[in-house]
Amino acid sequence: MKLIVQKFGGSSVANAERIWNVARIVTDTYKNGANVVVVVSAQGDTTDDLIAKAHEIDPNPSKREMDMLLSTGEQISISLLAMAISKLGYPVISLTGRQAGFLTDSNHSKARIKKIDTERLEKELDQRKIVVVAGFQGINRYDDITTLGRGGSDTSAVALAAELKADLCQIYTDVDGVYTADPRLVKNAKKLEEISFDEMLELASCGAQVLHNRSVEMAKKYNVNLEVISSLEDKPGTKIKEVTKMEKLLIKGVAKDDDIVRISVIGLPDKPGIAFKIFSLLAAKKINVDIILQSVGRTGTKDISFTVPVDSKDAALEVLEEAKDTLGEYTVETDTDVTKVSIVGAGMQSNPGVAAKMFEALYEADINIAMISTSEIKISVLIKKDLGIKAMNALSDAFIK
């Protein structure tokens with residue numbers, strides 16, 4: 001029998017009306033003869049509200065206790081959705097991450113899935129029940145609740161699809177697919193019928209919020225049949241796959257990421273091994289570094305600038321302060337008034353002049369570039385935050401026809 005995993009984000013279950021809408025989508029799929037596993041996020045702003053409640057008690061709470069608190073958001077959603085599905089007359093059961101068999105490491109707030117014990121899930125599916133699973137959460141080897149971090153419900157859904165060998169994993173959102181840019185910010189954004197795993201992974205890593213990069217990475221690794229589709233409109237979505245028919249399209253998308261900070265380390269000794277020491281210390285603290293720029297050494301010193309996520313800023317500064325004991329004296333400056341704007345497309349591999357065209361578009365829009373990073377299918381630039389939307393529109397006009 002066909003098995004479909006369906007994931008619904010917080011906006012899709014934000015209130016009773018939308019929960020009933022999701023229940024109808026799920027039961028229609030079930031009526032068509034498929035087994036269904038549903039992964040649900042916390043309702044609307046529930047997670048933000050829970051974080052605010054925690055900060056009323058302690059501005060810097062224990063990560064373990066935060067996981068205990070935040071996991072309740074998804075549990076509210078799964079129980080309400082299960083009630084709606086049951087009210088419609090269908091067999092259903094809701095399961096927490098633990099009950100669904102999600103076993104993770106112990107990195108609270110950013111846990112990684114180690115394995116999924118699907119025995120309970122398969123037992124419920126064998127009884128032809130619709131199984132509603134709390135996304136974003138699991139347990140570690142100490143039986144403590146853990147959460148998977150940003151985009152964790154997407155990751156939960158793809159992991160289940162991979163483990164259960166599902167025929168399809170559908171990610172339902174409040175948009176009707178993957179666009180060349182955020183249609184709320186860019187006037188000529190176009191919906192894509194399909195996009196490759198590699199391109200989607202780069203877009204997600206560059207700030208496109210339709211899918212989280214960890215979920216795309218997992219879908220690529222296990223070749224999960226993935227689709228992004230609207231929970232509010234009945235229309236075709238975007239298929240994400242290994243090879244697409246639109247490979248020759250030069251640029252597939254433009255993305256913006258405001259959730260970054262630039263850190264500049266000034267006056268480092270200009271000798272071998274300094275960059276290795278700094279970035280190995282950051283890696284040991286699981287701090288993800290993105291764009292890196294090193295200056296040419298002068299008068300025995302050099303400067304290194306790099307970007308990290310905003311929520312890693314304090315940890316990175318702490319690492320750099322402690323490193324002075326071994327690396328000597330230097331100064332550290334931070335800049336939060338920055339955004340990363342990127343273009344992504346497999347077509348740029350075989351088309352020279354893409355970078356020049358990108359820089360020309362930004363020049364004509366009077367946008368100054370602070371840092372540049374490239375890969376085979378991506379070019380990212382760091383610019384002033386208030387110019388982010390202007391840059392996206394300029395690049396979309398230049399590349400998206």
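For reference, positions follow the sequence shown, starting with 1.
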inquiry  = Lys31 vs Asp28, test: salt bridge (charged side-chain N to carboxylate O under 4.0 Å, His left out). Steps then yes/no.
reply    = CA-CA 5 Å; Lys31 275 190 297 186; Asp28 283 348; 3.3 Å; yes

ask   = Short question: side chain of Asp58, backbone of Ala54 - any donor-acceptor pair under 3.5 Å?
value = no

note = Heavy-atom closest pair (Gly237 atom, Glu227 atom, distance to 0.1 Å) is N-OE2, 3.8 Å

message = Tell me every residue that passes ring pair (Phe, Tyr, Trp, His ring centres under 6.0 Å) with Phe279, counting only those two or more places apart in sequence or in another chain.
response = Phe306

ask   = Arg262 pairs by salt bridge (Lys or Arg N to Asp or Glu O under 4.0 Å) with which of Asp335, Asp303, Asp290?
value = Asp335

message = Quick check: do Ile369 and Tyr363 have side-chain heavy atoms less than 4.5 Å from each other?
response = no

ask   = Do we see a donor-acceptor contact under 3.5 Å between the side chains of Asn35 and Arg128?
value = yes

ask   = When you check the side-chain N and O atoms of Ser375 and Glu202, is any donor under 3.5 Å from an acceptor?
value = yes

inquiry  = Among residues at least two apart in sequence or on other chains, which ones pass ring pair (Phe, Tyr, Trp, His ring centres under 6.0 Å) with Phe102?
reply    = none

inquiry  = Could you tell me if Lys324 sits above the aromatic ring of Tyr330, with its cationic atom closer than 6.0 Å to the ring centre and no more than 45 degrees from the axis?
reply    = yes

Summary of ring pair (Phe, Tyr, Trp, His ring centres under 6.0 Å) pairs that have at least one residue in residues 206-233, sequence neighbours excluded = none

ask   = Of all heavy-atom pairs between Ser231 and Ser12, which one has the smallest distance, and what is that distance?
value = OG-OG, 2.8 Å

message = If we count only N and O atoms by modelled type, under 3.5 Å, do the side chains of Ser396 and Asn188 hold a donor and an acceptor together?
response = yes

query = Is Lys190 close enough and on-axis enough to Tyr179, meaning under 6.0 Å and within 45°, for cation-pi?
reply = no

task = Would you indicate whether the side-chain heavy atoms of Ile19 and Gln43 approach each other to under 4.5 Å?
result = yes

request  = Could you tell me whether the side chains of Thr147 and Asp67 share a donor-acceptor contact shorter than 3.5 Å?
outcome  = yes

